[in-house]
Amino acid sequence: MRRDPSRKRLPGGMGLSAHELSMQLMRERDLLELMLFKLEEQQMLLATGRNRWIKHAADELGRVAAAMPAAAMKRDGLAAAVAVEWGVPDGTTLRDLIDVAPTDAWREVLQGHLTVMTGLADEILEMKKINEQRLRTALRVTQETIAGLGVPTGEYDLAGGVVRGGRSQLLDTRA
């Protein structure tokens, strides 16, 4: 691959593509952090029984998720430009770019982004699993409560399992 001579260069001969890629990775990190925040917000609503606001939290999560594909496409385009500048094949992954980075500084910067983004993705996946379980439990409890008005429904533990099949019922009629 040959370098594109029309690309602007930073002092010391480095092109702007790597800098632009780093800035895009930072924007993606911000989106991932916002998604994690929204998942934590949803989890708090579920944990406190504030089910009235769950739809709004889900809508906000949807808006963040909808922004992710465009950010990923922009990142992929910038990574391709960096690959051209650094003389490696187009379609090179971020991990591959780290390995072929021309300076230790760029290796550290890109590795830092990758490490943080991977950690955030892991946290998001775990939080998503927890929230899905809590949402299923809330739905089941709500359905059983509605179906069982006047019929014993029992009590539930945090995982949503029936603890005791007694006559206790909880229905907030003020909401």
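Heads up: numbering here begins at 1 and tracks the sequence. Just so you know, these numbers come straight off a predicted model, no measurement behind them.
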- Query: Could you give all pairs that pass the salt bridge (charged side-chain N to carboxylate O under 4.0 Å, His left out) test and reach residues 103-112, with sequence neighbours left out?
  - Reply: D104-R107
Listing, residues 71-80 side-chain donor-acceptor contacts under 3.5 Å, not counting sequence neighbours, or none:
residue : atom : partner : partner atom : Å
R75     : NE   : E28     : OE1          : 3.3
R75     : NE   : E28     : OE2          : 2.6
R75     : NH2  : E28     : OE1          : 3.1

[atom1]/[X] to [atom2]/[Y] distance, rounded to the nearest 0.5 angstrom?
| X | Y | atom1 | atom2 | answer |
| --- | --- | --- | --- | --- |
| N51 | R134 | CG | CZ | 12.0 Å |
| W86 | D99 | CH2 | CG | 10.5 Å |
| M23 | M26 | CE | CE | 6.0 Å |
| L34 | L61 | CG | CG | 8.5 Å |

- Task: Applying side chain to side chain contact (heavy atoms under 4.5 Å, CB included), name anything that partners R52, two or more places apart in sequence or on another chain.
- Result: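 R52: no side chain to side chain contact (heavy atoms under 4.5 Å, CB included) contacts found.
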- Item | Listed partners of M44 passing side chain to side chain contact (heavy atoms under 4.5 Å, CB included), at least two apart |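 Listed in chain order: nothing, the list is empty.
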- Taking all heavy atoms of S17 and all of E85, pick out the closest pair and write down the distance.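 Looking at all heavy atoms of both residues, the shortest contact is OG-OE2, 2.9 Å.
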- Query: What pair of heavy atoms forms the shortest contact from A83 to D90, and how long is it?
  - Reply: CB-CA, 4.5 Å
- Message: Quick test of your reading: applying ring pair (Phe, Tyr, Trp, His ring centres under 6.0 Å), list the pairs with at least one residue in residues 123-145, sequence neighbours left out, ordered by first then second residue.
- Response: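 Passing the test, one end in residues 123-145: no pairs.
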- Item | Shared-cluster residues of L46, by chain and number - hydrophobic side chains joined below 4.5 Å |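 Hydrophobic cluster check, L46: joined to L45, W53, I54, L135.
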Using the test side-chain hydrogen bond (donor to acceptor under 3.5 Å, both in side chains), find all partners of [X] that sit at least two apart in sequence or belong to another chain.
| X | answer |
| --- | --- |
| E132 | K128 |
| E33 | none |
| R50 | none |
| E41 | K38 |

- Are V100 and L25 in one and the same hydrophobic cluster, where Ile, Leu, Val, Met, Phe, Trp and Tyr link if side-chain heavy atoms are under 4.5 Å apart?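 Result: yes, single cluster for both.
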- Message: Checking M68 against L32 for the side chain to side chain contact (heavy atoms under 4.5 Å, CB included) test, could you report, in this order, the C-alpha distance in whole Å, the side-chain angles of both residues, the deciding distance, and whether it holds?
- Response: CA-CA 9 Å; M68 297 300 286; L32 290 170; 3.5 Å; yes
- Task: Check step by step if side chain to side chain donor-acceptor pair (under 3.5 Å) holds for R27 and Q24.
- Result: CA-CA 5 Å; R27 285 187 284 277; Q24 180 60 28; 3.0 Å; yes
Could you tabulate the donor-acceptor pairs under 3.5 Å formed by side-chain atoms of residues 110-126, not counting sequence neighbours?
residue : atom : partner : partner atom : Å
Q111    : NE2  : T115    : OG1          : 3.1
H113    : ND1  : R29     : NH1          : 3.1
H113    : NE2  : S22     : O            : 3.4
H113    : NE2  : S22     : OG           : 2.9
T115    : OG1  : Q111    : O            : 2.9
T118    : OG1  : L114    : O            : 2.7

- Message: According to salt bridge (charged side-chain N to carboxylate O under 4.0 Å, His left out), who are the partners of K55, at least two apart in sequence or on a separate chain?
- Response: D59
